Participant: 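The structure under discussion is supplied below as structure tokens; questions concerning it will follow.
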Protein chains: 2
Amino acid sequence: MTENSREKILLAATKIAQAHGYNGLNFRDLAEDVGIKAASIYYYFPSKADLAAAVAKRYWENAAAALETLSAESADPVSALRRYPETFRWALENENRMCLSGFMAAEYDDLPEAVKKEVQTFADVNVAWLSKVLSAAKVVSPKKSEPRARAIFAAVGGAQLMARSRSDITLYDTLISSYRAAGLLPA
Amino acid sequence: MTENSREKILLAATKIAQAHGYNGLNFRDLAEDVGIKAASIYYYFPSKADLAAAVAKRYWENAAAALETLSAESADPVSALRRYPETFRWALENENRMCLSGFMAAEYDDLPEAVKKEVQTFADVNVAWLSKVLSAAKVVSPKKSEPRARAIFAAVGGAQLMARSRSDITLYDTLISSYRAAGLLPA
DNA sequence: ACCTGAACACCGTTCAAGT
DNA sequence: ACCTGAACACCGTTCAAGT
């Protein structure tokens, strides 16, 4: 119960940013969630930019860990690949939130440099994992695994975005099914 | 040269919203672009919600007209389909902007009801056009043309989002190529 | 009809001050 | 070490007033 404030701030800020983005994250509401005053956040993070960068960094670190777990839990690369869309489904299940990095990709123009960097790392981590698994699964030739990985990442992000705009998680599932039927993802 | 202020506001607001979203659209900067004061905007639009709804409505109306032109200009449905990604490429070419409705899909939680409605109509217009053209092109069976239309719309939006986050229009082009190679779009 | 200045409660941020 | 209140220039919005 003696969780420290820094950790509470990070957790609350992540949830807010997934629903409202960088621009929609405000210190007074965040502070209220945590149970402190807005000015106190500056004791832990020197600016909104630093807080957001820390949030985005933690975000891709967790994503990387989740993908490693997925690989470890899966019997073979094809089944790991089949389960990849689950990692993006999770956000929609939780109050129709979306991928932090997807939201921030839209807000690109308003993002401080340090935040942009972490957002791009999230994409890199996903593309690297997909590329590795696609190669191992022999779904495409090794040479084409990276372009295909990027295509899958972009398409899954687009599916999440569209499903969110309808607050309809079943739309996400049918989009993923269509990607499979079309051949973008292994059936 | 005697263009009216209402029209100028609509035009300037569209450009701002494509770069910064609904949350990032502010009346003082917008008014400065137009050459009036922030309070004057209220003479034309009763609120930010109304302005944004008008912007989003105009946006899908223009998109619908552009798609009709595309159909009319194309010799056959397959070539119309091949040129569909161009409609989303345009925004990136113009100062790395993105589709207004894609941005607002992310901002879903913060959108007034009237704006949500117009954003969804944009998606509907695109899916209806794609569905019609896919059927005519016999790319998929008539029954599967609508799910496929949705998949294409979501994937192209995702490609735009990812390319924007790198400010790299060539990434958009390679993503579209990968979609074609994978079979999502006709080669 | 079209526009403005001044005011309101709200934002990120700073800072001196409290324990 | 951890937190606060008060202040700053900024937001959307209102309104009485100007031409």
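Lettering follows sequence order; numbering is per chain, from 1. Only heavy atoms go into these numbers, but all of them, side chains included; no hydrogens, no water, no symmetry mates. Owing to the predicted nature of the structure, the values given are computational and were not obtained by experimental measurement.
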Participant: Please work out the stems of DNA chain D from pairs that are Watson-Crick or G-U wobble with both distances under 3.5 Å, keeping only runs of three or more consecutive pairs.
Facilitator: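 If one scans DNA chain D for consecutive Watson-Crick or G-U pairs, the stems found are C:4-8 with D:12-16, C:12-16 with D:4-8.
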
Participant: Could you tell me how the ring of B:F153 sits relative to the ring of B:F122: parallel (under 30°), tilted (30 to 60°) or perpendicular (over 60°)?
Facilitator: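 If you compare the ring of B:F153 with that of B:F122, the planes turn out tilted.
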
Participant: Under the rule for salt bridge (charged side-chain N to carboxylate O under 4.0 Å, His left out), what residues qualify as partners of B:D33, not counting sequence neighbours?
Facilitator: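 Testing B:D33 for salt bridge (charged side-chain N to carboxylate O under 4.0 Å, His left out), a comparison that skips the adjacent residues, returns none.
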
Participant: Considering only heavy atoms of chain B and a distance under 4.0 Å, specify the first and last nucleotide of DNA chain D in 5' to 3' order that meet this criterion.
Facilitator: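 The contacted stretch runs from D:dC11 to D:dC15.
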
Participant: Could you tell me which residues satisfy salt bridge (charged side-chain N to carboxylate O under 4.0 Å, His left out) with A:K116, sequence neighbours excluded, listed by chain and number?
Facilitator: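 Applying salt bridge (charged side-chain N to carboxylate O under 4.0 Å, His left out) to A:K116 gives A:E113.
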
Participant: I'd like to know if the side chain of A:Y108 pairs up with that of B:S167 as donor and acceptor (distance under 3.5 Å, no hydrogens or angles considered).
Facilitator: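 There is such a pair (donor and acceptor under 3.5 Å, judged by atom type) between the side chains of A:Y108 and B:S167.
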
Participant: Restricting to non-hydrogen atoms, name the atom on A:E107 and the atom on A:N23 that form the minimum distance, rounded to 0.1 Å.
Facilitator: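 Nearest pair, atom of A:E107 first, then A:N23: OE2-N, 2.8 Å.
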
Participant: Table please: side-chain donor-acceptor pairs of residues 130-140 of chain B below 3.5 Å, with sequence neighbours left out.
Facilitator:
| from | atom 1 | to | atom 2 | distance (Å) |
| --- | --- | --- | --- | --- |
| B:S131 | OG | B:S145 | OG | 3.3 |
| B:S135 | OG | B:S131 | O | 3.3 |
| B:S135 | OG | B:S145 | OG | 3.1 |

Participant: Nearest heavy-atom pair of A:L171 and B:R150: which atoms, and what distance?
Facilitator: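 Taking every non-hydrogen atom into account, CD1-CD, 3.5 Å.
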
Participant: Give the minimum heavy-atom separation between A:A106 and B:F103, together with the two atoms involved.
Facilitator: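 A:A106 and B:F103 have their closest heavy atoms at O-CE1, 3.1 Å.
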
Participant: Look at A:R97 together with B:D109 and state whether they make a salt bridge at an N to O cut-off of under 4.0 Å.
Facilitator: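 Salt bridge absent between A:R97 and B:D109.
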
Participant: Step by step, work out the salt bridge (Lys or Arg N to Asp or Glu O under 4.0 Å) result for B:R166 and A:D124.
Facilitator: CA-CA 11 Å; B:R166 301 276 176 166; A:D124 292 339; 2.6 Å; yes

Participant: So if I take residues 28-44 of chain A and measure heavy-atom distances to DNA chain C, which residues fall below 4.0 Å?
Facilitator: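 Result for residues 28-44 of chain A: A:R28, A:A39, A:Y42, sorted by number.
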
